[in-house]
Amino acid sequence: NAGVTQTPKFQVLKTGQSMTLQCAQDMNHNSMYWYRQDPGMGLRLIYYSASEGTTDKGEVPNGYNVSRLNKREFSLRLESAAPSQTSVYFCASSEYVGETQYFGPGTRLLVL
Amino acid sequence: AQTVTQSQPEMSVQEAETVTLSCTYDTSESNYYLFWYKQPPSRQMILVIRQEAYKQQNATENRFSVNFQKAAKSFSLKISDSQLGDTAMYFCAFNSNQGAQKLVFGQGTRLTINP
């Protein structure tokens, strides 16, 4: 039982490049989330998926897109990376929205 | 919109001491959830404790307990018999039980346990 897994662990991009961050959970949770964490700040919600087939914007959605591929997987895409998107990205899941969220190990992204 | 405030950016105590981390929040809702998460140097976010607002009894989890004051909108975390492994960033978080639920985090408190 791995919980929430994220790939990659670390990535360096050049401005304008695109990439997809992958997230998967094996807890049969309905809801999944993407957060970013910047230095000196708590986590901020980018997008979430309350259930398979639905996605909604969070606090800081600009520059990102998401796909809820199936119940297990929720990906985050940066279409044209910018230095302001340098951050640590966390994926989380919960049984339902509002319930306790369990986090993946994070992906550190550096955009040059 | 809900906000969460942690007024102590850093704290430091000796091993085996008791330490209390403060958290206040702002909401107009009556039913919600509150959490404390721990983030050690590994960056993994680990759930420490959870409190449901409709429950008057304070949550406890081994050496960790909370003082939940609903009227004052205060949710402090007490760590008893602190251990070196408790060294981490601690985040207080609020989760609504209605509408577009999302977890709102405070800025965090960096706790150092000294030997």
Side-chain angles (χ1 to χ4, degrees), chain A residues 2-6 8-11 21 23 25 27 29-51 54-61 66 74 87-110, chain B residues 1-10 21-25 27 29-55 59 61 66 75 88-110:
Chain A
V4 180
T5 57
Q6 293 181 233
K9 285 185 169 53
F10 176 65
Q11 184 73 45
L21 281 63
C23 174
Q25 52 91 10
M27 295 175 281
H29 284 168
N30 292 287
S31 303
M32 297 185 74
Y33 313 81
W34 277 105
Y35 292 90
R36 61 179 286 174
Q37 183 179 29
D38 300 308
M41 301 182 73
L43 280 68
R44 292 182 294 168
L45 184 66
I46 304 171
Y47 271 93
Y48 70 102
S49 171
S51 60
T54 70
T55 60
D56 284 286
K57 294 178 181 179
E59 184 182 352
V60 289
V66 291
F74 188 39
S87 190
V88 180
Y89 292 85
F90 287 95
C91 177
S93 71
S94 64
E95 189 169 2
Y96 296 102
V97 178
E99 295 291 316
T100 300
Q101 294 183 24
Y102 297 91
F103 287 80
T107 293
R108 185 165 163 247
L109 178 66
L110 177 61
Chain B
Q2 291 87 2
T3 58
V4 178
T5 302
Q6 293 178 248
S7 59
Q8 305 151 313
E10 292 189 32
L21 280 59
S22 301
C23 173
T24 58
Y25 58 94
T27 184
E29 298 173 15
S30 59
N31 197 15
Y32 46 86
Y33 301 93
L34 294 163
F35 304 86
W36 279 99
Y37 280 90
K38 167 184 175 181
Q39 187 178 41
S42 66
R43 282 208 315 265
Q44 179 77 47
M45 293 289 287
I46 302 165
L47 177 69
V48 175
I49 203 162
R50 161 191 157 126
Q51 175 80 42
E52 291 155 80
Y54 68 86
K55 290 186 177 178
E61 193 70 44
V66 298
F75 183 61
M89 282 288 287
Y90 286 81
F91 291 98
C92 178
F94 170 100
N95 201 338
S96 170
N97 194 31
Q98 58 188 310
Q101 294 107 332
K102 62 175 185 177
L103 205 55
V104 177
F105 284 84
Q107 301 93 327
T109 296
R110 183 176 302 280

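Letters A, B, ... mirror the listed sequences (proteins, then strands); counts begin at 1.
Counting heavy-atom pairs closer than 4.5 Å to chain A, the top-ranked of the candidates B:Arg50, B:Arg110, B:Met89, B:Gln107 is B:Arg50.
Looking at residues two or more places apart in sequence or on another chain, you find a side-chain contact (heavy atoms from CB on, under 4.5 Å) between A:Ser31 and A:Tyr33, A:Ser94, A:Val97. A:Ser87 pairs by the side-chain contact (heavy atoms from CB on, under 4.5 Å) definition with A:Arg36, A:Asp38, A:Tyr89, not counting sequence neighbours.
Of the residues A:Tyr48, A:Phe103, A:Phe90, the one that meets the ring pair (Phe, Tyr, Trp, His ring centres under 6.0 Å) test with A:Tyr35 is A:Phe103.
Only the side chain of B:Tyr37 comes within less than 4.5 Å of a heavy atom in chain A; its backbone stays farther off. Neither the backbone nor the side chain of B:Glu52 comes within contact range of chain A; no heavy atoms are under 4.5 Å apart.
Side-chain contact between B:Gln39 and A:Gln37: present, with at least one pair of heavy atoms (C-beta onward) separated by less than 4.5 Å.
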